[in-house]
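What follows is a set of notes on a single structure, which appears directly below.
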Amino acid sequence: FVTVLRASGLKACDSNHSSDPYFKLWCDGRKRGSKAKTKVCKKTLNPIYNERFRLTLVSAHLLSVVCMDKDRLSKDDTCGEATVNLASVADGAVHGIELPLAPQGTVDLILEFLDFSPLFGLELTRAVSREQRVRTLSDADAALLASPQQSSSRRRM
């Protein structure tokens, strides 16, 4: 999973000294790899996204991140780009990264590798989101708390 938290200090690509930035992410090359795109944040150089994407690794261990400026009448401009070597962080842990963009700016990412198999370089797809895990734990705790009461009431009958 890749979470795009926020970006800061982005290049102003519009004539009004601002941008309408969004990010494109992909693994294993643009044409065949797993892809994602954030929403567009209007008129800002410091957007906040908090968007989470599931990207699957197939062969390469590179995550490409490109900041684009949304334009209405012309082709979208590239405002910055970077690449992350995932082999160095694919250890099953959660990593927070402040990634510098060329030519300027940074983007804050959270990289999560769940059930990563180093033998094949594949992310297995049985991952569960954090929200679902928290909800499941809360439901399980409620069930455990309710179980002794239910069993004692059954004994009384």
Side-chain angles (χ1 to χ4, degrees), residues 1-140:
F1 290 99
V2 178
T3 303
V4 180
L5 295 175
R6 65 188 154 268
S8 60
L10 297 178
K11 178 181 171 186
C13 292
D14 291 340
S15 60
N16 63 359
H17 304 290
S18 189
S19 287
D20 301 321
Y22 66 94
F23 280 87
K24 294 167 105 177
L25 307 116
W26 64 88
C27 294
D28 299 325
R30 288 185 183 188
K31 292 186 179 178
R32 64 185 178 108
S34 185
K35 302 172 190 176
K37 185 170 89 169
T38 66
K39 65 184 178 191
V40 175
C41 290
K42 302 246 183 209
K43 298 181 183 178
T44 183
L45 299 177
N46 301 300
I48 297 173
Y49 296 100
N50 291 324
E51 293 184 52
R52 188 172 189 217
F53 305 99
R54 179 184 193 154
L55 298 175
T56 303
L57 298 175
V58 177
S59 60
H61 295 289
L62 295 177
L63 171 67
S64 298
V65 179
V66 176
C67 179
M68 302 294 293
D69 173 49
K70 183 72 174 170
D71 289 325
R72 290 183 186 181
L73 302 176
S74 62
K75 186 177 176 183
D76 293 354
D77 303 314
T78 301
C79 297
E81 54 190 309
T83 303
V84 179
N85 181 353
L86 298 176
S88 62
V89 293
D91 56 4
V94 177
H95 295 274
I97 296 178
E98 183 177 8
L99 187 63
L101 300 169
Q104 78 180 56
T106 61
V107 60
D108 295 339
L109 305 174
I110 296 175
L111 303 176
E112 299 175 74
F113 294 90
L114 303 175
D115 297 324
F116 187 78
S117 172
L119 293 174
F120 301 105
L122 299 174
E123 174 196 1
L124 301 179
T125 57
R126 58 180 197 234
V128 178
S129 73
R130 280 187 186 167
E131 296 80 18
Q132 288 172 330
R133 279 185 262 161
V134 169
R135 222 174 310 145
T136 302
L137 288 174
S138 299
D139 292 345

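- Between atom OG1 of residue T44 and atom CZ of residue R6 there is a gap of 13.0 Å, rounded to the nearest 0.5 Å.
- Formation of a donor-acceptor pair under 3.5 Å by the N16 side chain with backbone atoms of S18 is found in this model.
- Pairing each heavy atom of L45 with each of A12, the nearest pair is CD2-CA, 3.7 Å.
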**OP:** Run the numbers on I110 and F1 for side-chain contact (heavy atoms from CB on, under 4.5 Å), then give the verdict.
**Re:** CA-CA 8 Å; I110 296 175; F1 290 99; over 6 Å; no
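- Here the closest non-hydrogen pair linking G9 and N46 is N-OD1, 2.8 Å.
- Taking 4.5 Å as the limit, some side-chain heavy atom of L5 sits within range of a side-chain heavy atom of N50.
- Considering every non-hydrogen atom in both Y49 and P21, the closest pair reads OH-O, 2.9 Å.
- For the pair V107 and C67, the minimum side-chain heavy-atom distance is 4.5 Å or more.
- Taking a 6.0 Å sphere around CD of Q104, one finds it holds more than 12 heavy atoms contributed by other residues, nucleotides or ligands.
- Looking at heavy atoms from C-beta onward, T38 lies in side-chain contact with F53 at the 4.5 angstrom threshold.
- When all heavy atoms of K39 and Y22 are compared, the pair lying nearest together is O-CB, 3.4 Å.
- Between C27 and L55 the shortest side-chain heavy-atom distance falls below 4.5 Å.
- Proximity of K37 to M68: side-chain heavy atoms (C-beta onward) are nowhere separated by under 4.5 Å.
- Residues K11 and D69 have side chains not in contact (no heavy-atom distance under 4.5 Å, counting atoms from C-beta outward).
- Between S19 and D77, the closest side-chain pair of non-hydrogen atoms is not below 4.5 Å.
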Subject >> Residue pair E112, T3: steps toward the side-chain contact (heavy atoms from CB on, under 4.5 Å) verdict >> reply: CA-CA 8 Å; E112 299 175 74; T3 303; 4.2 Å; yes
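- Scanning all heavy atoms of the two residues, the minimum distance from I97 to V84 falls at CD1-CG1, 4.4 Å.
- The distance from atom CZ of F23 to atom SG of C79, rounded to the nearest 0.5 Å, is 8.5 Å.
- At least one side-chain heavy atom of L63 sits under 4.5 Å from a side-chain heavy atom of L111.
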Subject >> Verdict with supporting geometry, L109 and V4, side-chain contact (heavy atoms from CB on, under 4.5 Å) >> reply: CA-CA 5 Å; L109 305 174; V4 180; 3.9 Å; yes
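- With D76 as reference, D71 is the one residue of V40, D20, D71 to meet the side-chain contact (heavy atoms from CB on, under 4.5 Å) rule.
- Pairing each heavy atom of S34 with each of R54, the nearest pair is OG-O, 4.0 Å.
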